[in-house]
Amino acid sequence: MAESSSAHLDTLLQHTGLAEFDPKTGAAPVAIPSMRTSTVRFRDLDALDAAHAGRARGERVVTYGRVGMDTHAALEEVFCKLEGGTRAILAPSGMAAITLALLALLQSGDHVLVADCAYGPVRTLDASVLKRYGVSVSYCSGTVQAFEAQRRPETRVLYVESPGSLLFEMLDLPALAQYAKEHGLTMVVDNTWGSGYIYRPLALGADVSVVAGTKYVGGHSDLMLGAVVVKDPELGKKIADMHYALGLHVSADDAWLALRGVRTMPIRMRESAANAMAVCEFLAERPEVGRIYHPAWPQDAGHALWKRDCTGSNGMLSVALKLDHAAARRFVNALKLFSIGYSWGGFESLVQLVDPAALKGHSYWPNDGNAVVRLHIGLESASDLIADLNNALKAAA
Ligand SMILES: *Cc1c(COP(=O)(O)O)cnc(C)c1O
């Protein structure tokens with residue numbers, strides 16, 4: 001079989017990271033097996049020396065199991081194809097990938113600009129680790145103007161997430177990338193929402209894309225994994241060196257599960273997105289609904305940016321309900337098809353009653369007294385999900 005030259009991600013996702021043919025039999029399994037190992041053995045010392053020399057040059061070389069062998073390499077290749085990068089480094093969770101990227105890029109005395117719509121635990125990383133190591137952080141609304149007001153001579157990194165956590169605020173990534181370039185800042189984007197399929201920060205000018213594979217890549221709510229993806233090999237070496245120093249490792253079985261999941265990511269995302277749109281259409285007609293936060297929804301404040309920069313959508317949306325706290329709790333408790341839980345990107349629908357304390361730091365939040373409920377719309381029948389929401393709104397009244 002010759003190699004396909006298609007650049008379409010739907011095709012690349014099915015033809016990247018396959019098992020190599022056995023040179024003797026000319027046969028191979030379609031799906032690469034989970035290659036578990038701690039110890040790597042070498043044919044002779046020349047082979048070992050070549051591996052060490054490769055690592056010194058910053059190449060992906062295995063001398064020990066921690067970096068992972070063929071299964072990991074296959075998944076890294078898939079992340080590179082998805083994100084348009086040249087190097088992907090795996091981490092045991094999305095949060096570990098964020099930590100890895102920031103620790104690799106920062107040192108004592110540095111300052112970071114962080115979009116205030118970023119994933120909440122980034123603030124815990126700041127408070128419990130970065131601060132102790134002499135790195136200071138400023139949280140800003142995700143615009144060039146707001147960042148510029150907080151920039152310092154020692155600012156080194158611009159860290160953003162688009163669309164933002166909880167309210168899916170779209171940021172102007174190309175404008176932010178231009179700004180970062182002008183001031184010599186390394187721009188890191190949390191691209192968990194897009195997962196390289198519907199949004200590609202590196203192509204829009206970012207230096208580093210971080211993805212929680214836990215969400216749409218894995219897709220089945222049974223695995224935790226993260227990846228840091230870059231275009232620039234120097235940056236790749238920096239992150240790989242930090243990965244090595246921190247002793248991070250992803251189980252081969254988890255890399256295998258992620259590879260298994262990612263093949264169907266396009267159809268899962270498309271189906272969730274279509275269901276989410278049907279849910280938005282239902283919600284928009286309800287008197288209890290104050291606002292829908294979903295960039296693909298035409299009335300969303302970020303819709304124009306979404307149309308310009310994204311190639312699709314997913315099942316994530318938040319809805320502001322004109323309900324008091326007790327009624328909002330009754331609504332969530334009455335849902336039968338939406339499990340109460342964090343996370344998203346799996347096959348199932350989820351609901352989270354967003355804590356107003358978590359929204360306080362988001363400048364995008366109007367703080368209008370409405371309860372915010374975040375939904376992940378899964379692969380159930382959209383009409384069943386809408387009937388469930390309808391019943392729960394009745395129960396809340
Ligand atoms: C879930 C999530 C993470 C963290 O991923 P884990 O694998 O749960 O550690 C990071 N960023 C965003 C936007 C997320 O939704």
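In what follows, residues are counted from 1 in the order of the sequence shown. Keep in mind it's a predicted model, so treat the numbers as computed, not measured.
The line from CG of Leu353 to NE2 of His325 is 6.0 Å long, rounded to the nearest 0.5 Å. The distance from the OG atom of Ser383 to the CG atom of Asn275 is 9.0 Å, given to the nearest 0.5 Å. Between Leu125 atom CG and Thr99 atom OG1 the span is 4.5 Å, to the nearest 0.5 Å. Annotation: the span from Tyr244 atom OH to Lys237 atom NZ amounts to 11.5 Å, rounded to 0.5 Å. Atom OG of Ser195 sits about 12.5 Å away from atom CZ of Arg200, to the nearest 0.5 Å. Put simply, CE on Met316 and CZ on Phe168 are 3.5 Å apart, with the number rounded to the nearest 0.5 Å.
For the pair Glu76 and Arg60, the salt-bridge criterion is met [side-chain N within less than 4.0 Å of a carboxylate O]. Look at Lys231 and Asp207 and you find no salt bridge, because none of the NZ, NE, NH1 or NH2 atoms lies under 4.0 Å from a carboxylate O. With salt bridges taken as basic N to acidic carboxylate O contacts below 4.0 Å, none links Glu271 and Arg268.
Summarising the geometry of Met170 relative to Pro163, their closest heavy-atom pair is SD-CG, 3.7 Å, with the distance given to 0.1 Å. Between Leu350 and Gly341 the shortest heavy-atom distance is CB-O, 4.2 Å. Closest heavy-atom contact between Thr214 and Ser343: CG2-OG, 4.4 Å. Annotation for Ser363 and Ser141: closest pair OG-CB, 3.2 Å, computed over non-hydrogen atoms. Closest of all the heavy-atom pairs between Leu223 and Leu225 is CD1-CB, 3.9 Å. Between Val114 and Val122, the shortest heavy-atom contact is CG1-CG1, 4.5 Å.
Looking only at distances, no side-chain donor or acceptor of Thr63 sits under 3.5 Å from a matching main-chain atom of His52. The closest donor-acceptor contact from the side chain of Thr192 to the backbone of Ala212 lies under 3.5 Å. Between the side chain of His376 and the backbone N or O of Gly345, at least one donor-acceptor pair lies under 3.5 Å. For the pair Ser272 (side chain) and Ile377 (backbone), a donor-acceptor distance under 3.5 Å is present. Panel note: side chain Ser349, backbone Gly378; a donor-acceptor pair is recorded below 3.5 Å. Using modelled atom types, one side-chain atom of Glu83 and one backbone atom of Gly196 make a donor-acceptor pair closer than 3.5 Å. With hydrogens and angles disregarded, a donor-acceptor distance shorter than 3.5 Å links the side chain of Asn314 to the backbone of Trp193. Judged by distance alone, with hydrogens and angles left aside, the side-chain atoms of Arg308 form no donor-acceptor pair with the main-chain N or O of Ala304 at under 3.5 Å. Panel note: side chain Ser209, backbone Pro201; no donor-acceptor pair is recorded below 3.5 Å. Under a 3.5 Å cut-off, the side chain of Trp256 and the backbone N or O of Ile32 do form a donor-acceptor pair.
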- prompt: Would Ile89 and Leu100 satisfy side-chain contact (heavy atoms from CB on, under 4.5 Å), going step by step from the backbone distance to the final call?
  reply: CA-CA 9 Å; Ile89 296 108; Leu100 167 63; 3.9 Å; yes

query: Should Arg374 and Tyr342 be marked as a side chain to side chain donor-acceptor pair (under 3.5 Å) after you check the CA-CA gap, both sets of side-chain angles, and the distance that decides it?
result: CA-CA 9 Å; Arg374 190 181 78 172; Tyr342 298 110; over 6 Å; no

Criterion side-chain contact (heavy atoms from CB on, under 4.5 Å) on Asp172 and Thr143, from CA distance to verdict: CA-CA 7 Å; Asp172 189 342; Thr143 64; over 6 Å; no

message: With side-chain contact (heavy atoms from CB on, under 4.5 Å) as the criterion, how do Val211 and Val228 come out once you've worked through the C-alpha distance, each side chain's angles and the decisive distance to 0.1 Å?
response: CA-CA 7 Å; Val211 177; Val228 182; over 6 Å; no

Full working for ring-ring contact (aromatic ring centres under 6.0 Å, His included) between His72 and His249: CA-CA 10 Å; His72 298 75; His249 171 70; 5.7 Å; yes

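When hydrophobic clusters are built by joining Ile, Leu, Val, Met, Phe, Trp and Tyr residues whose side-chain heavy atoms come closer than 4.5 Å, directly or via intermediates, Met242 is grouped together with Ile98. Trp297 and Val279 end up in the same hydrophobic cluster when Ile, Leu, Val, Met, Phe, Trp and Tyr side chains are linked at under 4.5 Å. If you chain together hydrophobic residues whose side chains sit under 4.5 Å apart, Ile239 and Leu102 fall into the same group. Hydrophobic clustering (side-chain heavy atoms under 4.5 Å, transitive across Ile, Leu, Val, Met, Phe, Trp, Tyr) groups Leu257 together with Leu75. Residues Leu283 and Leu335 share a single hydrophobic cluster, defined by chaining ILVMFWY side chains whose heavy atoms lie under 4.5 Å apart.
Remark: Arg87 is not positioned above the aromatic ring of Phe79, lacking an NZ or CZ atom under 6.0 angstrom from the ring centre and at most 45 degrees off the axis. In this structure, Arg123 is positioned above the aromatic face of Tyr139, its NZ or CZ under 6.0 Å from the six-membered ring centre and within 45° of the axis. Cation-pi geometry between Arg291 and Tyr364 is met: the NZ or CZ atom falls under 6.0 Å from the ring centre, inside 45° of the normal.
Side chains of Ser339 and Glu348: no donor on one and acceptor on the other come within 3.5 Å. Side-chain polar atoms of Thr16 and Glu77 form no donor-acceptor pair below 3.5 angstrom. For Glu148 and Tyr179, the side-chain atoms include at least one donor-acceptor pair closer than 3.5 Å. For the 3.5 Å distance criterion, the side chains of Ser136 and Arg152 qualify, holding a donor opposite an acceptor.
Heavy-atom contacts from other residues, nucleotides or ligands closer than 6.0 Å to CD of Glu234 number 12 or fewer. For Tyr64, the OH atom sits in a loose shell: 12 or fewer heavy atoms of surrounding residues, nucleotides or ligands are nearer than 6.0 Å. Environment of CZ in Arg329: sparse, with no more than 12 heavy atoms of neighbouring residues, nucleotides or ligands closer than 6.0 Å. Heavy atoms from other residues, nucleotides or ligands lying under 6.0 Å from CD of Gln145 number 12 at most.
Looking at heavy atoms from C-beta onward, Leu317 lies out of side-chain contact with Tyr293 at the 4.5 angstrom threshold. Within the 4.5 Å cutoff, side-chain heavy atoms of Val189 are placed close to those of Leu173. Inter-residue side-chain proximity for Leu337 and Asp384 is flagged as met; some heavy-atom pair is nearer than 4.5 Å. For the pair Asn333 and Arg330, the minimum side-chain heavy-atom distance is 4.5 Å or more. Side-chain contact check for Leu305 versus Leu171: every heavy-atom pair is 4.5 Å or farther apart. The shortest distance between side-chain heavy atoms of Thr186 and Leu158 does not fall below 4.5 Å. Between Asn390 and Arg286 there is a side-chain heavy-atom pair separated by less than 4.5 Å. A heavy-atom distance below 4.5 Å is not found between the side chains of Trp365 and Val354.
The residue from Val289, Leu389, Leu385 that alone fulfils the side-chain contact (heavy atoms from CB on, under 4.5 Å) condition with Phe282 is Leu389.
Taking the six-membered ring for Trp, His294 and His303 have ring centres at least 6.0 Å apart. Between His183 and Phe147, the distance separating the two ring centers is not shorter than 6.0 angstrom.
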